[in-house]
Protein chains: 2
Amino acid sequence: MASHGVRGGRSGGRPTLEEVAARAGVGRGTVSRVINGSPRVSDATRAAVEAAVAELGYVPNTAARALAANRTDSIALVVPEPETRFFAEPYFSDMLRGVGAELADTEWQLLLIFAGSDRKRQRLADYLSAHRVDGVLLVSVHADDPLPDLLDRLEIPAVISGPRSAGETLTSVDSDNYGGGRSAVEHLIARGRRRIAHITGRPDVYGAQRRVDGYRDALRGAGLEVDELLIEPGDFTEEGGRRAMSALLSRRPDLDAVFAASDVTAAGARHSLREAGRRIPHDVALVGYDDSAIARHMDPPLTSVRQPIEEMGRAMIDLLLSEIADRRPAGTRGLERRHAVLATELVGRESS
Amino acid sequence: MASHGVRGGRSGGRPTLEEVAARAGVGRGTVSRVINGSPRVSDATRAAVEAAVAELGYVPNTAARALAANRTDSIALVVPEPETRFFAEPYFSDMLRGVGAELADTEWQLLLIFAGSDRKRQRLADYLSAHRVDGVLLVSVHADDPLPDLLDRLEIPAVISGPRSAGETLTSVDSDNYGGGRSAVEHLIARGRRRIAHITGRPDVYGAQRRVDGYRDALRGAGLEVDELLIEPGDFTEEGGRRAMSALLSRRPDLDAVFAASDVTAAGARHSLREAGRRIPHDVALVGYDDSAIARHMDPPLTSVRQPIEEMGRAMIDLLLSEIADRRPAGTRGLERRHAVLATELVGRESS
DNA sequence: AGGTACCGTGGGAGCGCTCCCACGTGTGAT
DNA sequence: ATCACACGTGGGAGCGCTCCCACGGTACCT
């Protein structure tokens with residue numbers, strides 16, 4: 001029976017807990033305690049173990065740890081969108097940056113998982129069923145998405161980045177979409193615009209609905225009437241913005257401003273406006289949402305509503321980690337869900 | 001001693017191999033064989049096991065598998081850059097898309113790891129030392145990066161996306177940077193330009209050097225002299241492009257064309273050209289590299305050299321997986337390294 | 001002096017798999 | 001009829017950890 005391990009031989013022979021224990025002249029349990037930062041170890045022993053760890057270049061075997069402790073020390077950032085959208089929209093990258101920053105000093109491992117196609121969906125479901133992560137960050141979820149329920153059923157801690165509705169059951173982080181939409185429109189009104197159109201985000205996204213609410217209330221607040229013909233659904237994409245703008249122009253050729261639910265949408269709208277010979281901002285003022293690089297580089301530079309996305313990412317991690325921690329001492333079911341809402345800010349540029 | 005597992009109770013009780021075996025009336029080994037697609041199982045038995053798996057909703061425990069089999073079924077895409085650059089440059093997203101597509105139908109799990117800061121570097125080294133991945137995809141590596149050596153020392157299969165030098169020791173995938181640079185410049189010459197400047201990529205990137213080589217040879221091939229004052233180092237960033245362009249304009253105000261080593265660089269160059277009052281393409285023709293979204297949306301749309309980045313991603317996965325497979329039957333050291341080079345294509349637009 | 005408490009410690013049991021050896025049983029060659 | 005050799009199968013051993021119980025020692029009470 002030839003032992004097939006590489007134990008001892010060449011460079012691949014990784015030291016085990018047991019070997020560290022032998023070297024330090026202590027038991028396995030003690031080494032484990034030192035590795036995991038337990039306080040129930042004397043200083044002398046701890047020093048001896050740490051020396052042995054350093055000498056041997058010991059690195060814990062994650063698989064063994066995961067198996068024995070039933071945890072993975074990793075969390076997933078799940079994007080229920082095709083990769084294309086992930087990169088097309090700076091929203092995701094900013095979010096990822098915040099998450100990454102918050103995780104940088106921890107032992108947590110972040111997994112980025114795309115679930116844009118049905119096949120990928122299925123793979124994700126398998127993945128979650130296998131409990132390969134201790135927690136999940138959910139970004140950009142549609143109202144009818146079954147993912148949150150799955151997570152609930154599997155009892156996997158999760159935080160969602162945009163609540164699906166006013167009664168979101170999952171712990172959530174959001175920016176003030178209502179306030180953002182409202183401030184965009186109030187800004188346009190203050191600039192003297194009166195026939196202000198709105199290209200919405202995807203209607204099944206709660207945040208998009210709230211922006212519409214803000215749009216409506218801003219108009220009403222200024223004593224203006226809400227003209228439904230000035231509201232056209234978009235889908236956060238450039239192509240959608242283009243289409244919506246064309247539709248609006250043919251319905252209401254006299255519009256003098258547009259509030260688009262995203263910068264990318266605004267870019268599409270700009271395209272249609274140009275084609276129709278409208279000058280920005282002279283004929284039509286344009287305001288976007290997200291304050292992304294696109295907004296800064298657009299011609300003319302785009303006024304946009306900034307969401308503190310990076311901070312939202314940070315907040316998501318904070319909430320998720322505490323939720324995971326709360327759950328560790330088993331039986332702590334039914335802790336109340338928390339909802340964080342962060343403020344937005346209007347960034348004025350030449351387009352309005 | 002209260003058993004702390006959830007075995008049997010509620011929804012969390014995940015079935016094990018053993019339970020599936022009992023249900024199917026077979027041994028553990030047989031179930032394992034079915035799960036892993038071994039051919040040495042009779043059809044009847046296989047069907048029985050599959051039925052039991054379905055009824056119980058069995059999902060293999062990855063940690064246990066990783067521990068027993070000493071493999072993780074996951075590979076890492078390592079980006080030795082800050083997240084910012086990852087998102088700023090479409091190169092990475094296209095690459096990721098190709099990689100993702102090639103991996104979509106497999107059991108492999110992809111990890112995205114940023115190693116842009118020293119701390120993250122260290123974390124990555126620990127991660128690799130712990131052998132938490134079976135293979136590594138390395139994107140955008142500088143000539144003096146110690147990562148490849150570390151991977152070699154740890155005997156972790158790896159594929160690099162741009163070779164570090166002509167004598168790259170790792171298996172590599174690359175596009176024809178020389179040919180791409182050459183075709184860009186030949187295009188400009190064909191358009192009647194004669195004083196063609198070049199803003200390079202980061203000089204320590206081999207691919208950037210090759211583009212410079214292509215630039216030089218194209219000029220020589222047309223009987224034009226290479227003027228070193230027309231070559232200015234950039235760093236693939238917009239800011240770098242801006243700076244380089246300003247430098248070039250002050251040195252050679254009479255230049256009539258610019259070949260930039262990336263679209264982002266070209267965007268920066270465009271900015272400086274505008275500031276200097278030069279019209280594109282009337283006064284100065286501009287050609288970029290990557291054929292990214294930026295190129296299409298630039299004003300005017302940018303002529304650019306397309307690299308088949310998505311295909312490169314696919315090719316990387318192919319090579320990596322075969323390398324991992326080759327290594328599995330232990331002792332197969334010293335297989336020759338392979339190097340794939342994919343062709344580029346010039347996409348003409350209004351900027352030239 | 002005896003009792004009690006707690007602290008630091010060692011090591012058994014077990015996590016859920018894979019690997020491999022050993023063991024029938026059926027088939028074909030001799 | 002006998003041997004040889006597949007093939008499909010069962011189950012022991014072991015992967016490297018964590019968890020927890022049990023143990024001896026010291027400090028503090030009564």
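Sequence lines set the chain letters: A, B, ... in the order given, protein chains first and strands last, and positions in each chain run from 1.
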Checklist entry - Regarding A:Q122 and A:D118, is there a side-chain donor-to-acceptor distance under 3.5 Å anywhere? => result no
Checklist outcome for this item: Angle separating the five-pair end axes of the helix from C:dA1-D:dT30 to C:dT30-D:dA1, nearest 10°, is 40°
Checklist outcome for this item: Rounded to whole Å, CD of A:E18 lies from P of D:dC15 at a distance of 10 Å
Checklist entry - Would you say the side-chain atoms of B:S129 pair up with the backbone N or O of B:A125, donor to acceptor, closer than 3.5 Å? => result yes
Checklist entry - Going by heavy atoms in the side chains, are B:T45 and B:V34 under 4.5 Å from each other? => result no
Checklist entry - Expressed in angstrom and rounded to an integer, what is the separation of A:L67 atom CG from C:dT18 atom P? => result 12 Å
Item to check | Residue A:A68, side-chain heavy atoms: nucleotide from D:dC19, C:dC15, C:dT18 that is nearest | outcome: C:dC15
Next on the checklist: Starting the side chain at C-beta, find the nucleotide from D:dG8, D:dT18, C:dG16 nearest to B:R40.
Outcome noted: D:dG8
Checklist entry - Is it true that atom CG of A:D144 has more than 12 heavy atoms of other residues, nucleotides or ligands lying nearer than 6.0 Å? => result yes
Item to check | Distance in angstrom units between A:E19 CD and D:dG16 P, rounded | outcome: 8 Å
Next on the checklist: Short of 4.0 Å, heavy atom to strand atom, which residues of residues 26-37 of chain B count as contacting DNA chain C?
Outcome noted: B:R28, B:S32, B:R33, B:N36
Where do N or O atoms of nucleotides 26-28 of chain C meet protein N or O atoms at under 3.5 Å, pair by pair?
none

Checklist outcome for this item: In whole angstroms, the gap separating P of D:dG16 from NE2 of B:H131 amounts to 12 Å
Next on the checklist: Taking salt bridge (Lys or Arg N to Asp or Glu O under 4.0 Å) as the definition, give me every residue that meets it alongside A:D318, ordered by chain and number, with sequence neighbours left out.
Outcome noted: none
Checklist entry - Is the side chain of A:N61 donor-acceptor paired with the backbone N or O of A:A63 at a distance under 3.5 Å, no angle test? => result yes
Checklist entry - Can you list, by residue number, the residues of residues 44-64 of chain A that have a non-hydrogen atom closer than 4.0 angstrom to DNA chain C? => result A:T45
Item to check | salt bridge (Lys or Arg N to Asp or Glu O under 4.0 Å) involving A:D145 - partner list, sequence neighbours excluded | outcome: A:R121
Checklist entry - Yes or no on side chain to side chain contact (heavy atoms under 4.5 Å, CB included) for A:L342 and A:D174, after CA distance, side-chain angles and deciding distance? => result CA-CA 6 Å; A:L342 307 185; A:D174 203 4; over 6 Å; no
Item to check | Whether A:R46 side chain and A:P39 backbone form a donor-acceptor pair below 3.5 Å | outcome: no
Checklist entry - If you round to the nearest 0.5 Å, how far is CD1 of A:I160 from CG of A:L319? => result 12.5 Å
Checklist entry - Side chains of A:R338 and A:S322: do they bring a donor and an acceptor to under 3.5 Å? => result yes
Checklist entry - Are A:P148 and A:L138 side-chain neighbours, meaning at least one heavy-atom pair lies under 4.5 Å? => result yes
Next on the checklist: For B:T72 versus A:R132, what's the shortest heavy-atom pair and its separation?
Outcome noted: O-NH2, 4.2 Å
Checklist entry - For the pair made of CZ in B:R71 and C1' in C:dC17, what is the distance, rounded to whole Å? => result 10 Å
Next on the checklist: If I take atom CG in residue B:L17 and atom C1' in nucleotide C:dT18, what distance separates them, rounded to the nearest angstrom?
Outcome noted: 9 Å
